[in-house]
K.L.:
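Please find one structure pasted underneath; my questions will follow.
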Amino acid sequence: PILYSYFRSSCSWRVRIALALKGIAYDVVPVNLLKDGGQQFSAEFKAVNPMQQVPALKIDGITLSQSLAIIHYLEDTCPNPRLLPQDLKKRAQVRMIADHIVSGIQPLQNLSVLKQMGEKKMEWAQNCIASGFQALEQTLEHTAGRYCVGDEVSMADLCLVPQVFNAERFKVDMGPYPTITRINKALLELEAFKVSHPSLQPDTPAELRA
């Protein structure tokens, strides 16, 4: 498999965690979202992913984009360890939390949106993340065990950790979100979350390396 990734992309990080959890070896092709006006806009990368976004994964003779679609494919083809619970109610909760982050928080504070916000980008990102985290904290109070849904790592957790990393980058006060903070801390102790961290990628700038 070949993963087109950017070290700090939360969408790419979700997929890196899934690959690590499932023990799937892969090669990385870095796509720098800032360099050369954004390498995602090159004709070469547009041929890989017409949406001009990372991640993209070449695997089993197909090319997939969109992080959750990629993770669902990995789940279908390599079911152990599972990232979706067998219990249908818990499975629905995992998907709900993943969608909450992937659709309701992350797109509002990603690079393409922030570029348009100009000098207000930090304030905008903080407000988007805070309003999303207020709702997420309430949800997790009902679903969480050690992790987002019960005590098994799930697709929801793969979405949570990169989003908390974004919140910290944008200096969001995490005080009001004790459940999110506790789960994030527990997840960052797991090897798959450590090796996939933005500070340890092939394209991580020297000053940001762990």
K.L.:
So Met174 and Asn184, do their side chains get closer than 4.5 Å, heavy atoms only?
P.N.:
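No - every pair of side-chain heavy atoms lies 4.5 Å or more apart.
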K.L.:
Linking I/L/V/M/F/W/Y whenever their side-chain heavy atoms sit closer than 4.5 Å, directly or via other members, would Leu188 and Val153 fall into one cluster?
P.N.:
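Yes, Leu188 and Val153 fall within the same hydrophobic cluster.
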K.L.:
With sequence neighbours excluded, tell me which residues meet ring pair (Phe, Tyr, Trp, His ring centres under 6.0 Å) with Phe45.
P.N.:
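Result, ring pair (Phe, Tyr, Trp, His ring centres under 6.0 Å) vs Phe45: Tyr4.
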K.L.:
Could you measure the distance from the CZ atom of Arg169 to the CD1 atom of Ile129? Nearest 0.5 Å is fine.
P.N.:
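Atom-to-atom, Arg169:CZ and Ile129:CD1 are 9.0 Å apart.
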K.L.:
If hydrophobic clusters are built by linking Ile, Leu, Val, Met, Phe, Trp and Tyr wherever their side-chain heavy atoms come under 4.5 Å apart, do Val172 and Val113 end up in the same one?
P.N.:
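Yes, Val172 and Val113 fall within the same hydrophobic cluster.
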K.L.:
I need the minimum non-hydrogen distance between Gly37 and Phe41, along with the two atoms involved.
P.N.:
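Result for this residue pair: O-CD1, 3.3 Å.
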K.L.:
Give every residue pair that meets the ring pair (Phe, Tyr, Trp, His ring centres under 6.0 Å) criterion with at least one member in residues 149-185, sequence neighbours excluded.
P.N.:
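Every ring pair (Phe, Tyr, Trp, His ring centres under 6.0 Å) pair that includes a residue of residues 149-185, provided the two are not neighbours, is Trp13-Phe165, Phe133-Tyr177, Phe165-His197.
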K.L.:
If a pair satisfies salt bridge (Lys or Arg N to Asp or Glu O under 4.0 Å) and one of its residues is in residues 176-196, list it, with sequence neighbours excluded.
P.N.:
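Listed once each, the pairs are Arg146-Glu189.
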K.L.:
Tell me which pairs pass salt bridge (Lys or Arg N to Asp or Glu O under 4.0 Å) where either residue lies in residues 112-137, with sequence neighbours left out.
P.N.:
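As it turns out, there is no salt bridge (Lys or Arg N to Asp or Glu O under 4.0 Å) pair with a partner in residues 112-137 once direct neighbours are skipped.
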K.L.:
Answer yes if Ile70 and Val48 sit in the same cluster of Ile, Leu, Val, Met, Phe, Trp and Tyr residues linked by side chain heavy atoms under 4.5 Å apart, and no otherwise.
P.N.:
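Different hydrophobic clusters.
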K.L.:
Among all residues two or more places apart in sequence or in another chain, which pass the ring pair (Phe, Tyr, Trp, His ring centres under 6.0 Å) test with Tyr6?
P.N.:
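Result, ring pair (Phe, Tyr, Trp, His ring centres under 6.0 Å) vs Tyr6: none returned.
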K.L.:
Which of these, Leu83, Leu21, Leu19, sits in a side chain to side chain contact (heavy atoms under 4.5 Å, CB included) with Leu74?
P.N.:
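Result for side chain to side chain contact (heavy atoms under 4.5 Å, CB included) with Leu74: Leu19.
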K.L.:
Can you measure from CG (Asn166) to SG (Cys128) and round to the nearest 0.5 angstrom?
P.N.:
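SG of Cys128 is found 12.0 Å from CG of Asn166.
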K.L.:
Which pairs pass salt bridge (Lys or Arg N to Asp or Glu O under 4.0 Å) with one or both residues in residues 70-89, sequence neighbours excluded?
P.N.:
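Qualifying pairs, neighbours excluded: Lys22-Glu75, Arg82-Glu152.
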K.L.:
Please enumerate all residues that pass side chain to side chain contact (heavy atoms under 4.5 Å, CB included) together with Ala210, with sequence neighbours excluded.
P.N.:
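Result, side chain to side chain contact (heavy atoms under 4.5 Å, CB included) vs Ala210: Ser199, Leu200.
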K.L.:
With heavy-atom distances below 4.5 Å as the criterion, would you say the side chains of Asn110 and Ser10 are in contact?
P.N.:
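Not in contact.
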K.L.:
Strictly distance-based, threshold 3.5 Å: is any side-chain N or O of Trp124 a donor or acceptor partner for the main-chain N or O of Leu108?
P.N.:
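Pair found, side chain donor or acceptor close to backbone of Leu108.
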K.L.:
According to side chain to side chain contact (heavy atoms under 4.5 Å, CB included), who are the partners of Glu207, at least two apart in sequence or on a separate chain?
P.N.:
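If we apply the side chain to side chain contact (heavy atoms under 4.5 Å, CB included) test to Glu207, skipping adjacent residues, the hits are Pro205.
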K.L.:
With rounding to the nearest 0.5 angstrom, report the CZ to OG distance, Arg16 to Ser9.
P.N.:
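Taking CZ in Arg16 and OG in Ser9, the distance rounds to 7.0 Å.
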K.L.:
Residues two or more places apart in sequence or in another chain: which of them pass side chain to side chain donor-acceptor pair (under 3.5 Å) with Gln39?
P.N.:
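Residues passing side chain to side chain donor-acceptor pair (under 3.5 Å) with Gln39: Asp36.
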K.L.:
Under 3.5 Å, sequence neighbours excluded: what are the donor-acceptor pairs made by side chains of residues 97-105?
P.N.:
{"unit_1": "His100", "atom_1": "NE2", "unit_2": "Gly132", "atom_2": "O", "d": "3.0"}

K.L.:
Would a hydrophobic clustering, with Ile, Leu, Val, Met, Phe, Trp and Tyr connected at side-chain separations under 4.5 Å, put Leu57 with Val54?
P.N.:
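Different hydrophobic clusters.
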K.L.:
If two hydrophobic side chains count as joined below 4.5 Å and joins carry through other members, does Ile71 share a cluster with Leu190?
P.N.:
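Per the 4.5 Å side-chain linkage, Ile71 and Leu190 are co-clustered.
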K.L.:
Exactly one of Pro55, Pro30, Ser12 should register a side chain to side chain contact (heavy atoms under 4.5 Å, CB included) with Leu3. Which one does?
P.N.:
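Of Pro55, Pro30, Ser12, side chain to side chain contact (heavy atoms under 4.5 Å, CB included) with Leu3 is met by Pro55 alone.
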K.L.:
Looking at Arg95 and Met155, would you say the former's side chain and the latter's main chain have a donor-acceptor pair under 3.5 Å?
P.N.:
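Such a contact is absent between Arg95 side chain and Met155 backbone.
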K.L.:
Hey, is the main chain of Cys148 close enough, under 3.5 Å, to the side chain of Thr143 for a donor-acceptor pair?
P.N.:
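Yes: the side chain of Thr143 pairs with the backbone of Cys148.
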K.L.:
Tell me, with the steps shown, if Leu140 and Ile180 meet side-chain contact (heavy atoms from CB on, under 4.5 Å).
P.N.:
CA-CA 8 Å; Leu140 291 173; Ile180 292 174; 3.7 Å; yes
K.L.:
Any chance you could measure Leu88, atom CG, to Gln93, atom CD, to the nearest 0.5 Å?
P.N.:
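Rounded to the nearest 0.5 Å, the CG-CD separation comes out at 11.5 Å.
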K.L.:
Of the non-hydrogen atoms in Leu208 and Arg8, which two are nearest, and what is the gap between them?
P.N.:
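Where Leu208 meets Arg8 most closely, the heavy atoms are CD1-NH1, 3.8 Å.
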K.L.:
With a 4.5 Å cut-off on side-chain heavy atoms, are Gln109 and Gln163 touching?
P.N.:
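Contact flag for Gln163/Gln109 side chains = yes.
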K.L.:
Salt bridge (Lys or Arg N to Asp or Glu O under 4.0 Å): which pairs involve residues 155-164, sequence neighbours left out?
P.N.:
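Every candidate salt bridge (Lys or Arg N to Asp or Glu O under 4.0 Å) pair involving residues 155-164 fails, so no pair, neighbours aside, qualifies.
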K.L.:
As a quick check of understanding, evaluate side-chain contact (heavy atoms from CB on, under 4.5 Å) for Leu68 and Cys159, giving each step before the final call.
P.N.:
CA-CA 9 Å; Leu68 287 192; Cys159 299; 4.0 Å; yes
K.L.:
For Gln40 and Asn32, which heavy atoms make the closest approach, and how far apart are they?
P.N.:
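So the two residues come closest at OE1-O, 3.7 Å.
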K.L.:
Take Gln53 and Ser65 through the test side-chain contact (heavy atoms from CB on, under 4.5 Å) and record every step on the way to the result.
P.N.:
CA-CA 8 Å; Gln53 296 171 335; Ser65 63; over 6 Å; no
K.L.:
List in chain and number order the residues that pass side chain to side chain donor-acceptor pair (under 3.5 Å) with Asp173, two or more places apart in sequence or in another chain; answer none if no residue qualifies.
P.N.:
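Applying side chain to side chain donor-acceptor pair (under 3.5 Å) to Asp173 gives none.
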K.L.:
Can you name the closest pair of heavy atoms from Arg209 and Pro202 and give their distance?
P.N.:
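Distance-wise, the nearest heavy atoms are NH2-O, 3.4 Å.
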K.L.:
Would you say the side-chain atoms of Thr139 pair up with the backbone N or O of Ala135, donor to acceptor, closer than 3.5 Å?
P.N.:
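Pair found, side chain donor or acceptor close to backbone of Ala135.
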K.L.:
State, with a plain yes or no, whether a side-chain heavy atom of Val15 is found less than 4.5 Å away from one of Ser5.
P.N.:
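Sidechains of Ser5 and Val15: no contact.
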K.L.:
Taking Ile17 as the fixed residue, which of Leu187, Leu158, Val195 is the one that meets the side chain to side chain contact (heavy atoms under 4.5 Å, CB included) rule?
P.N.:
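For Ile17, the side chain to side chain contact (heavy atoms under 4.5 Å, CB included) check succeeds only for Leu158.
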K.L.:
I need the minimum non-hydrogen distance between Asn49 and Ala56, along with the two atoms involved.
P.N.:
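So the two residues come closest at CB-CB, 4.4 Å.
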